[in-house]
K.L.:
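Quick one: structure below, then a few questions.
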Amino acid sequence: MNNTLNIQRLLISLKEFWEFNRLKLSLIPIAVIIGYMAYFLWPDRYLNIVIFHPKLLDEGLYTFYNLLNNNKIDTRLLVFLLIPIFILACSNTYLKNQNKSIRATLIPISITEKIFTLYLYSLVIALVIIAVFFALDWVFLNYMKTTYLDRINEINMENGFPYKTYGFGSYFVTVESKHVYATLLLTFLLIPFYHLSMVFFKKNSFIYTAALYLLLLVSSVAILIKIHNSRSVNVYDIDNMYAIINNVILTLLVYGLLILAFYNKLKEKQL
Amino acid sequence: MVTLTNLTFSYKKNSNILEKITANLKPGHVYGLLGLNGTGKTTFLKLIAGLQFPTQGTVLVNEEIPKERKVSLLSNLYFITDEVELPKWKIDTFVSIYGSLYPKFDNKKFYELLQEMHVDKTANLGNLSYGQQKKVNIAFGLATDVSLILMDEPTNGLDIPSKSQFRKLLSKYTTDDKIIIISTHQTRDLDQLIDHLLVIHDRNLIVNESIFDLMKKISFESNTEHIDKALYSERTLNGTQSIHPNTFQIDDHFDIELFFNALTQDETFLSKLNRLTAIHHE
């Protein structure tokens, strides 16, 4: 019998996680839709004006112009905060069980399979949220483009801006892939800290996770600045491949150690 | 086979709960684990299950070390705890997920057991009472058909008919390839079922003997005239109950409760019992 990883058992473990979090996982698309709509319902944003102040749209095109031309909606990336929120909330029940329950400890599923389950679901949660977000963004921005872009361009022309371009943050351009990568990176860096906090600290694990995470971010930046101290401080210097590879290796090493610590903590857990 | 060698355990340094326990528990027996409150019965079970790690000594279950919690061992062991920790799912969801983790799990047997214990198989575990959930857990444990079943106070929370039902089911599903260890205070619920006694007292396993062997040594009498010859006696509402050397090889009912009282109330009883053993051996 393979005591470490067996696909059949992994599937059962995934099914078990689903059953523990069925409601929460089913609510993900709804939460993203609500989050996305809530963002645009905020004062000074499109839905708020359309629903609560429709007269502003009728009174003159300049209100409209200001809204669509100047209003920055880059902060809609905040909806991506749902990724860590859902990952932490769904893992919480599972990890609490691993921490306290005799049943959960003695279930014939290996620790490797349990860790795989946690990470696979984290990935699924992240991808679902990103997919729903992109679908909403695509529909909404396309609607905005087909409905308003020509008219806004005309206004820009009338005002002497014939070559106006639109970037991320406008009502006509969707989120860039680098934002998605950054979100995924920050989220997945958070996960091992959360897992460890849950098995180390029975109470206030959220606070400890946040503290550990901040400590990591601050110390990483401090180390990077120290490394680059001899030259101009630019920790995100993408031209320096050597530095990038070093940082990636270092990050993966730390990541591996954190997962290993979590594995051992689960293995050594006494109830 | 469960092999304990010089097993010592302590939660705090220099304060052993269990001390140098050595025992071989063999398949085909229902072991009754007895002890006063706080003597380490649950800890003993946890050490066998690998939920606690020995401070000294070793535990082996089917030649595997429980503390490693390998799937090969876990899929052949089931622990029915006093506290029920079942998820709030429908029973069939629970069975479809966890049943498949035990190679010998018998779905049909599980539903038959539920029916015999009068539990609605369509129910949601979250809506069941403590006793009902316990029944589901017992049914599941028996249906796993594992070689080692550990039970911590299994009859706690069961209603009166269910206790006798539990006895019947357990005796029905006890086979020669299984070890069942039951930790209990409710000896009257299970005394017909237990065929081997393990008694923990003052950190030691003071009794590790089959009922059959014990009955060869001692007999139980009620309101006897020869009370002066008793190894132990106590007054109850039914008169004086006493334990005597089984000189005439009477094959009668073994009163676990009285035997346990004798061990824990009378400091001299154990040495008297051991002396009987010596005489027997001679």
Side-chain angles (χ1 to χ4, degrees), chain A residues 1-26 89-117 120-121 199 202 260 262-271, chain B residues 9 11 42-43 45-55 61 64 66-90 92-105 124-126 133 136-137 140-141 144 146 148-150 152:
Chain A
M1 179 181 277
N2 187 341
N3 281 306
T4 313
L5 187 62
N6 171 292
I7 297 298
Q8 208 61 36
R9 284 200 310 264
L10 180 63
L11 289 174
I12 294 168
S13 179
L14 292 170
K15 206 172 164 194
E16 182 197 26
F17 191 96
W18 163 258
E19 286 300 334
F20 273 125
N21 296 290
R22 185 192 276 265
L23 182 67
K24 280 179 240 168
L25 291 167
S26 311
C90 291
S91 311
N92 190 272
T93 326
Y94 192 79
L95 288 164
K96 264 189 185 166
N97 252 341
Q98 297 305 320
N99 235 356
K100 288 192 249 168
S101 159
I102 289 177
R103 253 193 69 75
T105 309
L106 294 181
I107 279 171
I109 294 176
S110 72
I111 295 171
T112 311
E113 287 151 2
K114 288 174 182 174
I115 293 176
F116 261 101
T117 302
L120 283 174
Y121 264 102
V199 286
K202 284 188 179 167
L260 199 66
F262 178 56
Y263 178 94
N264 279 311
K265 195 69 194 163
L266 278 183
K267 199 171 160 61
E268 297 296 319
K269 194 99 208 154
Q270 295 191 60
L271 296 167
Chain B
F9 180 80
Y11 285 103
T42 303
T43 305
L45 294 180
K46 284 182 172 180
L47 283 159
I48 293 173
L51 292 162
Q52 293 286 354
F53 305 159
T55 315
V61 176
E64 293 196 72
K67 69 175 270 191
E68 290 176 357
R69 293 182 198 147
K70 285 188 180 165
V71 176
S72 50
L73 175 71
L74 298 181
S75 58
N76 209 7
L77 174 161
Y78 198 81
F79 193 158
I80 296 168
T81 50
D82 187 12
E83 293 297 319
V84 192
E85 310 172 304
L86 305 182
K88 292 170 182 173
W89 302 342
K90 294 202 109 191
D92 55 354
T93 308
F94 173 77
V95 174
S96 74
I97 290 180
Y98 294 124
S100 45
L101 291 168
Y102 297 89
K104 290 187 273 179
F105 187 82
N124 188 308
L125 289 166
Q133 287 192 36
V136 175
N137 202 19
F140 186 87
T144 56
V146 291
L148 175 61
I149 299 182
L150 307 169
D152 194 6

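Throughout, protein chains are lettered first and strands after them, A, B, ... in sequence-line order, and every chain is numbered starting at 1. The analysis underlying the following values was restricted to heavy atoms, covering all of them including side chains, and did not include hydrogens, waters or symmetry mates. These figures come from a predicted structure and were not determined experimentally.
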K.L.:
Under a 4.5 Å heavy-atom cut-off, does chain A meet the side chain of Lys70(B), its backbone, both or neither?
P.N.:
both
K.L.:
Looking at Ala49(B) and Leu106(A), what are the two nearest heavy atoms and their distance?
P.N.:
O-CD2, 3.5 Å
K.L.:
Answer yes or no: is there a donor N or O on one side and an acceptor on the other, between the side chain of Lys15(A) and the main chain of Ile97(B), under 3.5 Å?
P.N.:
no
K.L.:
Ignoring hydrogens, what is the shortest heavy-atom contact between Gln270(A) and Gln52(B)? Give both atom names and the distance.
P.N.:
OE1-OE1, 2.8 Å
K.L.:
Which atoms of Thr81(B) are under 4.5 Å from chain A, going by heavy atoms: the side chain, the backbone, both sets, or neither?
P.N.:
side chain
K.L.:
Kindly give the heavy-atom pair with the smallest separation between Arg103(A) and Glu85(B), and that separation in Å.
P.N.:
N-OE1, 3.0 Å
K.L.:
Does NZ in Lys104(B) sit with more than 12 non-hydrogen atoms of other residues, nucleotides or ligands closer than 6.0 Å?
P.N.:
yes
K.L.:
In terms of heavy-atom pairs under 4.5 Å, which option from Thr105(A), Asn97(A), Ile102(A), Ile107(A) contacts chain B the most?
P.N.:
Ile102(A)
K.L.:
Which atom pair, heavy atoms only, marks the closest approach of Ser75(B) to Pro108(A)?
P.N.:
CA-CG, 3.6 Å
K.L.:
If you take all heavy atoms of Arg69(B) and Lys267(A), which pair is closest and at what distance?
P.N.:
NH1-O, 3.4 Å
K.L.:
Give a yes or no on whether Phe116(A) atom CZ has more than 12 heavy-atom contacts from other residues, nucleotides or ligands under 6.0 Å away.
P.N.:
no
K.L.:
If I measure from the heavy atoms of chain B, does Leu14(A) come under 4.5 Å with its side chain, its backbone, both, or neither?
P.N.:
neither
K.L.:
At a heavy-atom separation under 4.5 Å, does Ile109(A) approach chain B through its side chain, its backbone, both, or neither?
P.N.:
both
K.L.:
Say you draw a straight line from CD of Glu16(A) to OG1 of Thr93(B); how long is it, rounded to the nearest 0.5 Å?
P.N.:
12.5 Å
K.L.:
What part of Phe53(B) lies closer than 4.5 angstrom to a heavy atom of chain A: side chain, backbone, both or neither?
P.N.:
both
K.L.:
So for Glu268(A), is it side chain, backbone, both, or neither that comes closer than 4.5 Å to the heavy atoms of chain B?
P.N.:
both
K.L.:
Using non-hydrogen atoms only, which part of Asn76(B) is less than 4.5 Å away from chain A: side chain, backbone, both, or neither?
P.N.:
neither
K.L.:
Side chains of Glu68(B) and Asn3(A), heavy atoms from C-beta outward: is any pair under 4.5 Å?
P.N.:
no
K.L.:
When heavy-atom pairs shorter than 4.5 Å are enumerated against chain A, which of Leu51(B), Leu77(B), Leu86(B) gives the highest number?
P.N.:
Leu51(B)
